[in-house]
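This report refers to the structure that appears directly beneath it.
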Amino acid sequence: MSLLSALVFSPLVIVARGLYYVLLTLLLPLVFMEITFIYTDTFKGDVGLAGIQLLVDTGMVKINFLLAAYISMILMLLYLWVINKVIKSRYGLIMATINDGEEVAHGIGVNINKVKILAFVFSAGMIGVAGWFYAHYFGTFAGITYLPLSFMIKILLVIFIGGRAQIFGCVVGGYFIAFLEMILVTTLGEIQPVLFPVILAVLLFTLPEGLFGLYRRRRYREYLPTLHVRR
């Protein structure tokens with residue numbers, strides 16, 4: 001369903017360029033969240049879907065938690081392996097070219113629309129699997145929890161803290177945001193959601209390449225790209 005939904009909305013990525021492409025991925029969840037309120041009978045609105053079958057149910061809470069943790073770790077490692085392979089492939093180089101300049105990529109003969117649609121559809125499919133894991137882990141799923149702008153800002157924070165185009169740095173950024181949220185909730189309570197946009201704004205101006213950029217400034221030679229050209 002995630003792949004089919006992405007195919008339906010894929011013509012939008014042809015129109016969207018640069019920053020607007022990123023904004024599109026932020027706006028579509030907000031649109032779907034409104035749909036959950038309009039069609040309350042199907043999506044249950046702000047209450048969410050309940051009674052979803054649990055991912056693992058051994059009858060022991062600790063065992064269920066450990067098994068779910070191992071499954072999530074396996075899923076994360078699988079995603080990292082796939083994304084790392086894609087980034088180091090020919091398509092990864094093409095996507096990097098499009099990211100730097102669509103006009104330049106078009107000038108050297110790259111089919112921009114095809115690559116953007118493929119990236120949009122397959123990333124949506126991967127997110128769909130993550131959503132499946134969420135729903136079956138908690139036994140419920142509410143759009144008001146995972147689709148609002150505040151949750152999307154957390155995802156952007158993960159990217160900026162871990163570093164753009166640094167897939168392994170995003171794992172560190174994800175854990176950092178999770179622990180930071182727990183600390184802010186414990187210490188500041190209801191003010192916590194307001195601080196995430198402030199933190200994002202500060203990072204945009206101070207750390208454009210994330211925490212990884214601090215290390216890269218001193219040892220940039222270690223990260224020169226290596227291309228393997230097939231004969």
Side-chain angles (χ1 to χ4, degrees), residues 1-6 25-26 28-30 32-33 35-36 42-87 119-163 166-190 192-193 195-196 199-200 210-212:
M1 290 302 297
S2 298
L3 290 172
L4 291 176
S5 300
T25 60
L26 292 176
L28 286 178
L30 296 178
F32 185 74
M33 185 175 66
I35 293 176
T36 61
T42 303
F43 301 105
K44 306 302 180 184
D46 54 352
V47 178
L49 300 172
I52 301 175
Q53 184 178 357
L54 295 177
L55 186 65
V56 288
D57 188 8
T58 61
M60 301 178 63
V61 178
K62 291 184 179 180
I63 300 298
N64 292 344
F65 180 79
L66 287 175
L67 290 176
Y70 284 122
I71 293 173
S72 66
M73 187 177 297
I74 293 172
L75 186 63
M76 180 188 70
L77 293 175
L78 177 62
Y79 273 23
L80 289 175
W81 180 79
V82 171
I83 296 173
N84 187 51
K85 287 291 185 180
V86 172
I87 289 178
F120 182 75
V121 171
F122 283 103
S123 60
M126 296 176 74
I127 292 297
V129 175
W132 164 84
F133 179 84
Y134 263 100
H136 288 277
Y137 173 71
F138 291 105
T140 181
F141 192 89
I144 192 64
T145 304
Y146 302 106
L147 298 176
L149 185 60
S150 58
F151 188 79
M152 301 299 145
I153 290 177
K154 294 177 188 178
I155 298 176
L156 286 177
L157 280 174
V158 169
I159 296 173
F160 281 109
I161 291 176
Q166 304 299 326
I167 58 174
F168 299 102
C170 289
V171 177
V172 178
Y175 282 106
F176 180 84
I177 289 298
F179 285 112
L180 177 63
E181 184 179 13
M182 293 175 60
I183 295 173
L184 292 177
V185 169
T186 305
T187 56
L188 300 177
E190 297 180 356
Q192 169 261 334
L195 291 180
F196 276 107
I199 296 173
L200 177 59
L211 296 176
F212 178 81

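I144 is listed as a side-chain neighbour of M33, based on a closest heavy-atom distance under 4.5 Å. Here the side chains of K85 and V82 are not in contact, with every heavy-atom distance at 4.5 Å or above. Between F133 and V129 there is no side-chain heavy-atom pair separated by less than 4.5 Å.
In this structure, A142 and V47 approach most closely via the heavy-atom pair CB-O, 4.0 Å. Here the shortest heavy-atom pairing between A119 and S123 reads O-OG, 2.6 Å. Taking every heavy atom of both residues into account, L3 and V121 meet most closely at CD2-O, 3.3 Å.
Here C170 contributes atom SG and I155 contributes atom CD1; the two are 11.0 Å apart, rounded to the nearest 0.5 Å. Here the CD1-CG distance, from I87 to L80, works out to 9.5 Å after rounding to the nearest 0.5 Å. Here CD1 of I52 is found 6.5 Å from NE2 of H136. Values are rounded to the nearest 0.5 Å. Summarising the geometry, atom CD1 belonging to I127 is positioned 7.0 Å from atom OH belonging to Y79; distances are rounded to the nearest 0.5 Å. In this structure, CG on L67 lies 8.5 Å from CG on L55, to the nearest 0.5 angstrom. Distance check: W132 CH2 to F141 CZ gives 13.5 Å after rounding to the nearest 0.5 Å.
Side-chain N or O atoms of Y137 include none that pairs as donor or acceptor with a backbone N or O of A68 at under 3.5 Å. With hydrogens and angles ignored, the 3.5 Å screen pairs no side-chain donor or acceptor of D57 with any backbone N or O of N64. No donor-acceptor distance shorter than 3.5 angstrom exists from the side chain of S5 to the backbone of S2, with no hydrogens or angles considered.
Counting heavy atoms of neighbouring residues, nucleotides and ligands inside a 6.0 Å radius, atom CE of M182 does not exceed 12 of them. The environment of CZ in F122 is sparse: at most 12 heavy-atom neighbours from other residues, nucleotides or ligands sit within 6.0 Å.
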